[in-house]
Each structure stands twice: as C-alpha cells, then as structure tokens.
There are 2 protein chains.
Amino acid sequence: MPQRDPFRASEVESRRTRPAKPPLSRDAIVEEALHQLTAEDGGAMSLRKIAKALDTGPASLYAYVDDMSELRALVLDHALAAVRVDDAEGPWRDRLEALLRSYGKVLASSPSLAQMAFQTTAVGPNALRIAETLLEILAEAGVDRPTAAWAIDMLTMFVTAVAAEHAHGADPGAPDGAVAQAINRAPASEYPRVHAAREEIMSGTGEERFAWSLDVLVRGILSRAQS
Amino acid sequence: MPQRDPFRASEVESRRTRPAKPPLSRDAIVEEALHQLTAEDGGAMSLRKIAKALDTGPASLYAYVDDMSELRALVLDHALAAVRVDDAEGPWRDRLEALLRSYGKVLASSPSLAQMAFQTTAVGPNALRIAETLLEILAEAGVDRPTAAWAIDMLTMFVTAVAAEHAHGADPGAPDGAVAQAINRAPASEYPRVHAAREEIMSGTGEERFAWSLDVLVRGILSRAQS
DNA sequence: ACCTGAACACCGTTCAAGT
DNA sequence: ACCTGAACACCGTTCAAGT
C-alpha cells in the first residue's frame, strides 16, 4: 500500500545510486556503506541510511550483519582491498613508500574511514595481505624478523594516524586554521620555544611531512635492526 | 540517576531535597563531560546526559557551549591539564619518556578521549604547554629547531595513536583477541611471512612495545637532526 | 530463513517562549 | 542574559509478527 505514493523519493534515489534492483546481501550492505562513507560531503554511514538506500527497513540488515561493529570491520577490510600492494618495482625503500602512500590514500578517502581504522583493528584478508607485503619489504631491507614484526605495527599505525589527522581537515599549513591561530597567539612569554618555532611548526605540505616522518621511522627501524 | 556532585563536599545538605543545585557554568559542563568519559564502564559523553546530571534540559547547555565539537575541544584540553609536564628530573631521554607516558596515560583513561584527540586538534593552553616542554627537551638533546618542530608532531601523534589503539581494547598480547585469532588462522601458504612471524607479532607487553617504539622514534629523530 | 512495522531508548540542535 | 519545554530529524537495536 505505501508503495503507491507517487511522491516517494526513495525509489528515485535508489535508482540513481544503483540502476538495477539490488538484492539484499552482505556484500550489497558493505558496498553501500562504503559508498556513503566516500560520499563527497565527507559523509558518515548509518544502518538506517543503508537500509533506506537498499529500499528496506533497518531491521532487515540484521539478517546479514551482527551489529554495527561487525559492519565497521567488514567495511574497513573492503576498503583496504583498494590498497595497491605490488604496484611498484625497484628498491625496497620505494616500494615501502608506495605501499604506505596507497594505504594512507585509501584511509583518507573518508574521515570516518580513518577513524574506523582505530576503532576496529583490521584483521581481514586485505589487512593480512598488507602485513605480508610489509614483512617482505623489511626482509629485503635486511631487518631481522623480531624487529620487523614490531615495526609493521608502527608503520601502519603511523599511516592511520596521519590519515585520521588529515581527514579531519587539519592542514597544518593553512594559516587560517585553528591550529595556526592558536600557535600564533601563543604568548612568547609563556611559550617561548613554541613561539620561536611557530614558522617551522606550520611549514611544509602534507606530502613533505609524510615523506619526512616516514624517513624518521625507517632510520629508527634500521638502526634497531640486526642486519 | 544523577547523584554525583562535582563540587567539594563542603555542603552537607541532602541532595534528595535538592536545596542547592550546582550553578550551570561552562566549567561544570566540561567537568561533568570528563567525568562521564572516565566512568568505569568506558562510557561516552552526551549533551543530554550532561544536562540530566546537571538537572536541566539539553537546550540549556547551548548558553555556555557553541556545539559538540567545541565541547570536545574544551574537554580534551581540560583532560590534558593532568599531564605531568615537569615531574621528572635528569637526562632529557628520561624526561621525554616520562612526559609521553603521562600524556598517553591521560589519553588512555577513556576510549572516547583518545578518539577525541584525533577528531579535534588540541590547541588549548595545556596542549601548548606540552609542546613547549617537548621543544625544551629536544633542544637539550641537541636537535635543531626545524627538526624538533616536526618531531613533536610525530611524538604526540604516536602517543595518541597508541592510546587510541589501546583504549579500544586491543591488547595484542592477549591470545584470545580477534587479532590473535586472525593471525593464527592466517594460512601459511598465502601469508608465509605473517605466519612465520606470528609469535613475534603478538609478543611483548604494551609497556615494552611503547618503550621500543619510542626508541625507534628517538633514534630516527636524532639521526635526522643537525646537532 | 528472510523480511517487516513498530517500538524502545537514545542522539545533537533549534526555536519560540518565558524569566 | 539565562533557562526551558517541546519539537525536529536523526541514531542502533530488539521483537513479535508475517512470508
């Protein structure tokens, strides 16, 4: 009966996003969730919005997904499938940077996605594939296994943290941001060093800082490694 | 049941008859918010819960706080006041570790608090005080200013990331966790290196890994510095 | 087994109205 | 200027009921 309402917008919207009528399935749910996350407005996903997009009620999703936290884990791993793991050839250092950049780019594709990477530890097949490749690269770099085992945690954590910070819109370079304002307002009397270093603190693009930080990490890891 | 009294027990009058309810104020709101965050059940804060605890409606809070994101920033800085900034004496390396440990401990006092440290960049006076001290320590270590300026970002990001991961309850040491399960189930054929390194990946306490990671960072930073 | 409507117990935010 | 009740537009999750 409620389907006959000619003004129902949901039918039109759902046609827009997915032209063929979607059968309800775990995969369709995860895909729609990821679609909402990567929407241009930096959107967030919700079970109710997913249900609406799939032309059903929120309760129906529970046939395919235990709860929100399971959905988050599924969505995260689904997103990680886009990480290019064996794109680059060449020396290990280049491959490491390429992999981590790809990883970071995927996580930064949505503020919520980066956030999720902290809330739910990624343990799906794609996360494993990334870990495997990182171990490969570090082995080629001559890093011993115990060091490498702990190092990959630092590297992924680093990328996730950068993505989370960047996604939330804190470009430290922008002179109009709240960060810049706070630092510029920091009185030299109380915070002399912050004041003196304020130029350097806010200098550099995201790219430059990423490369610099990765270099710090690699140097530290290599210096700990028994090669 | 809003039984708590954020103020000192100088007044012994019964709360039951609620003769004098605490006056609404920005500070009372922030304090109650932080109290909810650090509740034992790993609780989350909400404007409505804060309002209820302060015996008023949610709309009343908007006289003191612009919106949720401002409240988050206020709460974060309020929490950072507990970070011990000049507790330790002695060599810079010890002071650095003490400061970062105190920082991490504060952030890890609530899952939501650690999460917040990513959502909202801390720019309050307490965050500045921490940055100032870090610059001091790195200067003593002989690190040049440009290097130090970028290094303190890495150090705080590192602590925040560790706290966020730890707070969400992912002890990589516990053999019953989802992480351990996934890694142990990783087929040796597909993920040979992960499989081979599974013992090392999950070894170590949080303390040990924190110390190890900090050492990696310090080595990397020192190796970049022009001293 | 899958799907549903309806309810439950929450959210942040706005707004006209009171004091 | 401060505070309020009520509403608006959302949440995740459960449950009895349908197919």
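So that the names make sense, note that chain A is the first sequence line, chain B the second, and so on, each numbered from 1.
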How close or far is atom [atom2] of [N] from atom [atom1] of [X], stated in whole angstroms?
X     : N      : atom1 : atom2 : result
B:D55 : D:dC3  : CG    : P     : 13 Å
B:R26 : D:dC2  : CZ    : P     : 12 Å
A:I50 : D:dC11 : CD1   : P     : 10 Å
B:L24 : D:dA1  : CG    : C1'   : 13 Å
B:L47 : C:dT14 : CG    : C1'   : 13 Å
B:K49 : C:dG12 : NZ    : P     : 9 Å
A:Y62 : D:dC11 : OH    : P     : 12 Å
B:Y64 : C:dT13 : OH    : C1'   : 18 Å

query: What closest approach, in Å, do B:Q115 and A:F118 show between heavy atoms, and which atom pair accounts for it?
result: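 Scanning both residues, the minimum pair turns out to be NE2-CB, 4.4 Å.
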
message: How close do A:L76 and A:A117 get, counting heavy atoms only, and between which atoms?
response: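 Taking A:L76 first and A:A117 second, the nearest heavy atoms are CD2-CA, 3.9 Å.
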
message: Mind checking if A:S46 touches a base, just sugar-phosphate, or nothing, with heavy atoms under 4.0 Å?
response: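 The residue A:S46 makes sugar-phosphate contact but no base contact.
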
message: By the 4.0 Å heavy-atom rule, please label A:A59 as base, sugar-phosphate, or nothing.
response: base

- prompt: With a 4.0 Å cut-off, would you call B:R26 and B:E70 a salt bridge?
  reply: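 Between B:E70 and B:R26 there is a salt bridge, with a charged N closer than 4.0 Å to a carboxylate O.
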
- line: Residue pairs meeting salt bridge (Lys or Arg N to Asp or Glu O under 4.0 Å), one or both in residues 96-110 of chain A, sequence neighbours left out, come to A:R93-A:E97, A:E97-A:R101, A:R101-A:E207

task: Would you mind telling me which residue lines up with the more 5' stretch of DNA chain C, B:M45 or A:S25, judged by nearest nucleotide?
output: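 Counting from the 5' end, the first nearest nucleotide belongs to A:S25.
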
message: Can you tell me which nucleotide in D:dT13, C:dT13, D:dC3 comes closest to the side chain of A:M68?
response: D:dT13

query: When you look at B:H35 and B:E31, which way does the side chain to side chain contact (heavy atoms under 4.5 Å, CB included) test go after all the steps?
result: CA-CA 6 Å; B:H35 173 77; B:E31 226 150 287; over 6 Å; no

- request: Using the criterion of both pairing distances under 3.5 Å for Watson-Crick and G-U wobble pairs, give all stems of 3 or more consecutive pairs involving DNA chain D.
  value: C:4-8 with D:12-16, C:12-16 with D:4-8

field: Contact check, side chains of A:L96 and A:L134, non-hydrogen atoms, under 4.5 Å
entry: yes

Full working for ring pair (Phe, Tyr, Trp, His ring centres under 6.0 Å) between A:F210 and A:F158: CA-CA 10 Å; A:F210 183 90; A:F158 161 70; 5.6 Å; yes

